[in-house]
Each structure stands twice: as C-alpha cells, then as structure tokens.
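Step one of this worksheet: look at the structure below.
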Amino acid sequence: DPLGENYDFIMANLTLNLCGPRRDEFLTKVYRALKPGGVFMAAGDGLTKEKTAPEASVISWLPSKLAGQDMSFDRETIADAALRVGFISTQIQMIDEPVIAAHGPTNLTLARKSG
C-alpha cells in the first residue's frame with residue numbers, strides 16, 4: 001500500500017527487520033512519500049558485517065537465529081538500500097546508551113532525498 005505523500009520526515013523504529021528481501025521495495029515507497037529534501041530516519045541493528053558484534057545485539061537475535069529466522073542485518077544495510085533507491089546521502093550513528101538501547105546498541109540511519 002502507498003504510504004501517503006508530501007512528508008518532511010518519516011521514521012521507522014526497529015521495524016525494517018520485518019521487510020527482509022523486500023527492504024528496497026519498502027524504501028522506494030518511503031522515498032516516494034517524502035517531499036523533495038525530506039528525511040528518512042531508521043533505527044535498527046548495529047551489527048558488524050560478520051554479525052559477531054556488538055555482543056548485546058548478537059545475543060538479542062540468538063533465539064530467532066536458532067529458530068531458523070535470521071532477521072538481523074548489519075549496520076550499513078539500510079544506508080546501502082537507501083542509496084540504491086534514490087536517496088542522495090546517508091549518515092549512520094550508533095547509539096550505545098543504556099537508557100536508549102533496549103536490545104543492545106541501536107544504529108540510527110538518516111537518508112535525505114534531493115531537494
């Protein structure tokens with residue numbers, strides 16, 4: 001379904017893991033829904049490419065991985081997908097504060113649509 005249109009800002013909070021192989025399709029909808037110059041922010045996993053760190057995040061994904069449902073992804077996944085679908089820039093920042101990080105460090109990715 002379409003997401004609407006003419007948004008200045010869209011945020012996805014720890015949900016893009018559910019998109020799996022359709023992540024680019026979802027981000028294309030986000031891109032189309034934003035105004036020129038709009039910003040998309042996604043909070044998600046902060047795993048290394050090898051998916052071996054940070055420890056708290058690896059442990060939080062262990063039950064689903066053991067069940068054969070690996071929905072985790074590395075910290076560059078969202079930024080890479082955003083650039084593929086047309087965003088002009090991305091920025092990644094790791095949040096590792098105990099008050100914020102419910103399941104381990106959280107990776108914030110910002111993606112900007114051209115103005």
Nearest non-hydrogen partners of L108 and A43, listed with the distance: CD2-CB, 3.6 Å

Residue pair K51, S72: steps toward the side chain to side chain contact (heavy atoms under 4.5 Å, CB included) verdict: CA-CA 8 Å; K51 296 185 180 183; S72 66; 3.5 Å; yes

All side chain to side chain contact (heavy atoms under 4.5 Å, CB included) counterparts of E5, not counting sequence neighbours: none

Check: V30 and Y7 side chains under 4.5 Å, non-hydrogen atoms: no

Atom pair OH/CG of Y31 and L3 - distance to nearest 0.5 Å: 14.5 Å

Separation of T109 OG1 from Q91 CD (nearest 0.5 Å): 9.5 Å

Donor-acceptor contact below 3.5 Å, side chain T15 vs main chain A12: no

Euclidean distance, T106 OG1 relative to N13 CG, rounded to 0.5 Å: 8.0 Å

Test item: T28 side-chain N/O and D24 main-chain N/O as donor-acceptor pair under 3.5 Å: yes

Residues forming a side chain to side chain contact (heavy atoms under 4.5 Å, CB included) with E76, sequence neighbours excluded: K49, D74, D80, I92

Hphob cluster co-occupancy, L47 + M94, side-chain heavy atoms under 4.5 angstrom: no

Closest contact, heavy atoms only, A82 versus T90: CB-CG2, 4.0 Å

Common cluster, I10/F26, ILVMFWY with side-chain heavy-atom separation under 4.5 Å: yes

Distance in Å, N107 CG paired with R75 CZ, rounded so as to fall on 0.5 Å steps: 6.5 Å

For V39, all residues meeting side chain to side chain contact (heavy atoms under 4.5 Å, CB included), sequence neighbours excluded: F9, L110, R112

Minimal non-hydrogen separation, K35 against D8, with atom names: CD-OD1, 3.1 Å

Candidate pair K113 and I88, rule side chain to side chain contact (heavy atoms under 4.5 Å, CB included), full reasoning: CA-CA 6 Å; K113 184 174 180 176; I88 61 164; over 6 Å; no

Verify same cluster id: F73, V85 (apolar side-chain graph, 4.5 Å): yes

Salt bridge present between D1 and K29 (N-O < 4.0 angstrom): no

Separation of L27 CG from R22 CZ (nearest 0.5 Å): 12.5 Å

